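Values reported hereafter were calculated over all heavy atoms of this structure, with side chains retained and with hydrogens, waters and symmetry mates removed. Computed from a prediction, not measured in an experiment: that's the story for all the values here.
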Amino acid sequence: MSSKLQPARGTRDMIGADARRHNAVADTARRIAGLYGFEEWFTPIFEDTRVFSRGLGDTSDVVAKEMYSFEDRGGESLTLRPENTAGVCRALVTNGLTQSLPQKAFYAGPMFRYERPQKGRYRQFHQIGCEILGAAEPLADAEVIAAGWQIIQSLGIAEGVVLEINTLGDAESRDAYRAALVAYFSAHAEQLSADSKTRLEKNPLRILDSKDAADRALVEGAPLITAHLTAGAAAHYAAVLRYLQGFGVPLRENPRIVRGLDYYSHTAFEFVTDRLGAQGTVMAGGRYDGLVEEMGGPPTPSVGWAAGMERLALLMEDAGRTPAAARPVAVVPMGDAAEAPALAALQALRAAGTHAEMAYRGNLKRRLERANKQNARAALLVAEDGGLQWKDLDAGTQVAVSLGGLAGL
RNA sequence: GCGGUCGUAGCUCAGCUGGUAGAGCGCCAGGUUGUGGUCUUGGAUGUCGCGGGUUCGAGCCCCGUCGAUCGCCCCA
């Protein structure tokens, strides 16, 4: 055992450029979501385990083997949230908001999944998300996707990211389709990969996005959901595509897209990229018309998505979009006796809304070196008699200024 | 949960077929009489991820373990 403590497996510190990217993702997403009418919701980081076991479906790996569940001192089974959609639906019900629909919720925060860590995949990771609760109209599907696309664009990472979309249909369509798939794959069972043989029993739809070469060849000839859609489901999907065109969101239809969590129906979509290795999905979601009912509320058709903040931040880094650190003004007292007037000047700058700092020690030369290393934009030199010199550190020019004249700088 | 690769100063890395560690950057202090980004001189820093084994001797070999990473699985 090392005496040096490390962050727990799958967790990490975000400091400096990492923190700035993370904040940029949250701030940008929050701002853009606001333009679409989404208000931020804060739901608890841990919930009654049933919120997730009920909502996500126990066939999903997330519920079956990836949750951080524990019993608290009172004997309650609690779980660190592995995602936030179930919590938002629970909150909608608990707060009686089913009486005032639709609701548009935005969230950003940590989620927890016990997975094998990889680049862009952590045990504590962070998601942003947008949910429209209480709107069955396809316009809602399109709007929530449009918000996501604008966030991706605003982050400067749209290049290399593409929206893939599909429909899972309603329950009737899905059951019919599932039966057709099972029939098809069962007939070719011996050609399926080992993984897909178990999928065939557990979740046949997942065979559609298998990475195995033999599976993919089989999938080529597999039946499409299109043939099994009810008239209503087909109309909904067609309308979503039409509205997305209206919103100006480019897309690629992909009949192989499925969703990992059980609560999805109708629209399913993913913003994918080939720049993150195995973690190609950057933002994903769909319609979930039954989830609020699972939480004890009335039938409340809803649609939304979640995005991995670490993955978005990684794309920002690749795209050279890391925000620069703020540039302070360095206040530099020239001699011990200049400290008092320097403090006055320092606070005058801060009161005027200027980012200003004064080193805790060092002679004039050291302080200027430090100012330079901090990438300070200017140094305010303070003489012992209180005289002020404004030195522009980019241009190298220096002019006398007065205490009252600092506000404009 | 499965398979592969990797783990040496704060950072990026070097270290030949095993003989008790180096560079660059960074950091600290100077280059005399208060003004940075260049230049220059000097200095500090590592139980070579951790534990065990083989060996006269291991950073280099073996085993285990922790962590990162790539792929699978899963998913954001």
Side-chain angles (χ1 to χ4, degrees), chain A residues 1-12 15-16 25 56 59-66 82-85 108-129 148 193-196 198-199 202-203 206 209-213 215 257-261 269-273 276-285 304-315 330 332-338 359 362-384 389-398:
Chain A
M1 275 298 176
S2 165
S3 61
K4 264 188 190 170
L5 263 17
Q6 298 179 332
R9 185 164 163 84
T11 69
R12 63 188 198 120
I15 296 172
V25 169
L56 316 199
T59 62
S60 74
D61 278 18
V62 171
V63 171
K65 45 193 187 191
E66 294 178 359
E83 57 95 63
N84 211 164
T85 302
M111 312 292 160
F112 304 85
R113 259 122 94 153
Y114 188 84
E115 291 190 279
R116 176 108 177 226
Q118 267 181 50
K119 183 178 181 184
R121 191 170 97 178
Y122 303 94
R123 288 183 173 180
Q124 176 179 331
F125 61 106
H126 299 78
Q127 287 187 329
I128 53 172
S193 66
D195 280 329
S196 284
T198 57
R199 289 187 184 110
K202 262 180 61 184
N203 196 347
R206 294 224 69 96
D209 65 353
S210 170
K211 289 176 186 171
D212 182 87
D215 287 351
I257 289 206
V258 295
R259 302 275 67 226
L261 306 177
F269 60 90
E270 297 181 359
F271 286 91
V272 298
T273 178
L276 292 178
Q279 277 63 245
T281 303
V282 137
M283 177 182 283
W305 51 257
M309 294 179 68
E310 283 81 0
R311 294 180 186 182
L312 293 171
L314 237 26
L315 288 176
V332 178
M334 297 194 285
D336 291 346
N363 59 26
L364 178 57
K365 180 177 170 167
R366 283 280 161 246
R367 286 169 188 263
L368 282 172
E369 280 175 355
R370 177 174 165 71
N372 209 50
K373 267 162 202 151
Q374 280 185 298
N375 198 24
R377 47 185 261 254
L380 184 66
L381 306 176
V382 185
E384 302 193 342
Q389 295 278 323
W390 181 269
K391 183 181 181 70
D392 184 312
L393 289 176
D394 292 328
T397 55
Q398 188 170 321

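If you check B:G42 for Watson-Crick or wobble pairing at under 3.5 angstrom, you find it paired to B:C28. Remark: B:U65 base-pairs with B:G49. Criterion, Watson-Crick or G-U wobble with two distances under 3.5 Å. Both distances falling under 3.5 Å, in either a Watson-Crick or a G-U wobble arrangement, place B:G1 opposite B:C72. The pairing partner recorded for B:G22 is B:C13, the criterion being a Watson-Crick or G-U wobble arrangement whose two distances lie under 3.5 angstrom. Of all nucleotides present, none satisfies the Watson-Crick or G-U wobble test against B:G37 with each distance under 3.5 Å.
Nucleic acid contact class of A:Gly285 (heavy atoms, under 4.0 Å, all strands): none. Among the protein residues, A:Arg113 comes within range of the nucleic acid bases, having at least one heavy atom under 4.0 Å from a base atom. No contact: A:Gly362 has no heavy atom under 4.0 Å from any strand. Note on A:Arg199: only backbone sugar-phosphate atoms sit closer than 4.0 angstrom, heavy atoms only; bases stay farther off.
For A:Lys211, the listed nucleotide lying nearest its side chain is B:C73; candidates were B:C73, B:G3, B:C28. Comparing atom distances between the A:Arg116 side chain and each of B:A76, B:U69, B:G30 picks out B:U69 as nearest.
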Atom pairs and distances, donor-acceptor, side-chain atoms in residues 307-315 of chain A, under 3.5 Å, two or more places apart:
| residue | atom | partner | partner atom | Å |
| --- | --- | --- | --- | --- |
| A:Glu310 | OE1 | A:His126 | N | 3.0 |
| A:Glu310 | OE2 | A:His126 | N | 3.3 |
| A:Glu310 | OE2 | A:His126 | ND1 | 2.7 |
| A:Arg311 | NE | A:Gly120 | O | 2.8 |
| A:Arg311 | NH1 | A:Thr281 | O | 2.8 |
| A:Arg311 | NH2 | A:Gly120 | O | 3.4 |

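Its glycosidic angle being more than 90° from 0, B:G51 falls on the anti side.
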Letter per nucleotide, 5' to 3', of nucleotides 32-38 of chain B [B base touched, S only sugar-phosphate touched, - untouched; heavy atoms, 4.0 Å]: --BBBB-

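Protein atom CZ of A:Arg311 is 14 Å distant from nucleotide atom P of B:C74, rounded to whole Å. Atom-to-atom, CD of A:Glu310 to P of B:A68 comes out at 14 Å; the value is rounded to the nearest Å. Between A:Asp209 atom CG and B:A76 atom C1' there is a gap of 14 Å when expressed in whole angstrom units. What separates CD of A:Gln6 from C1' of B:G10 is a distance of 16 Å, to the nearest Å. Residue A:Lys373 contributes atom NZ, which lies 8 Å from atom P of B:G26 at whole-angstrom precision. The distance from atom NZ of A:Lys119 to atom C1' of B:G71 is 14 Å, rounded to the nearest whole Å. In this structure, OH of A:Tyr122 is placed 10 Å from C1' of B:U69, rounded to the nearest angstrom. Rounded to whole angstrom, the span from the CD atom of A:Glu115 across to the C1' atom of B:G1 amounts to 11 Å.
Comparing A:Lys65 and A:Met283 against RNA chain B, the residue whose closest nucleotide sits nearer the 5' end is A:Lys65. Map A:Ala306 and A:Asp212 each onto its nearest nucleotide of RNA chain B; the residue landing nearer the 5' end is A:Asp212.
Nucleotides B:G26 and B:C39 have their P atoms positioned 9 Å apart, rounded to a whole Å. With both ends at atom C1', the span from B:A9 to B:A21 equals 10 Å, rounded to whole Å. Only the C1' atoms considered, B:G49 is 33 Å distant from B:G42, to the nearest whole Å. Separation of the P atoms belonging to B:U54 and B:G59 is 16 Å when rounded to the nearest angstrom. Distance noted for atom C1' between B:G22 and B:U8: 10 Å (whole Å). With both ends at atom P, the span from B:C70 to B:U12 equals 15 Å, rounded to whole Å. Spacing of C1' atoms, B:U69 relative to B:U35, comes out at 47 Å, to the nearest Å. Going from the C1' atom of B:G19 to that of B:G24 covers 27 Å, rounded to whole Å.
A donor and an acceptor atom sit less than 3.5 Å apart, one in the side chain of A:Arg121 and one in the base of B:C73.
Partners of A:Arg121 according to the side-chain hydrogen bond (donor to acceptor under 3.5 Å, both in side chains) rule, which considers only residues two or more places apart in sequence or in another chain, do not exist here. Scored by the side chain to side chain contact (heavy atoms under 4.5 Å, CB included) test, A:Leu364 finds A:Val332, A:Met334, A:Leu368, A:Leu381 as partners (sequence neighbours excluded). Checked against side-chain hydrogen bond (donor to acceptor under 3.5 Å, both in side chains), A:Asp336 has no partners two or more places apart in sequence or in another chain. In this structure A:Arg366 satisfies the salt bridge (Lys or Arg N to Asp or Glu O under 4.0 Å) test together with A:Glu369, sequence neighbours excluded.
Not a single donor-acceptor pair under 3.5 Å links the side chain of A:Arg9 to the backbone N or O of A:Pro117. Without hydrogens or angle criteria, A:Arg123 side chain to A:Glu115 main chain gives a donor-acceptor distance under 3.5 Å.
A:Ser210 and A:Asp215 form a side-chain donor-acceptor contact under 3.5 Å, judged by distance and modelled atom types alone.
Between A:Arg206 and B:C75 there is a side-chain N or O to OP1 or OP2 distance below 4.0 Å. For A:Gln118 and B:G71, the shortest distance from a side-chain N or O to OP1 or OP2 is below 4.0 Å. Distances shorter than 4.0 Å separate none of the side-chain N or O atoms of A:Arg9 from OP1 or OP2 on B:U65.
Taking CZ of A:Phe125 as the start and CZ of A:Arg12 as the end, the distance is 13.0 Å to the nearest 0.5 Å.
Side-chain atoms of A:Pro82 and A:Arg113, non-hydrogen and from C-beta on, do get closer than 4.5 Å to each other.
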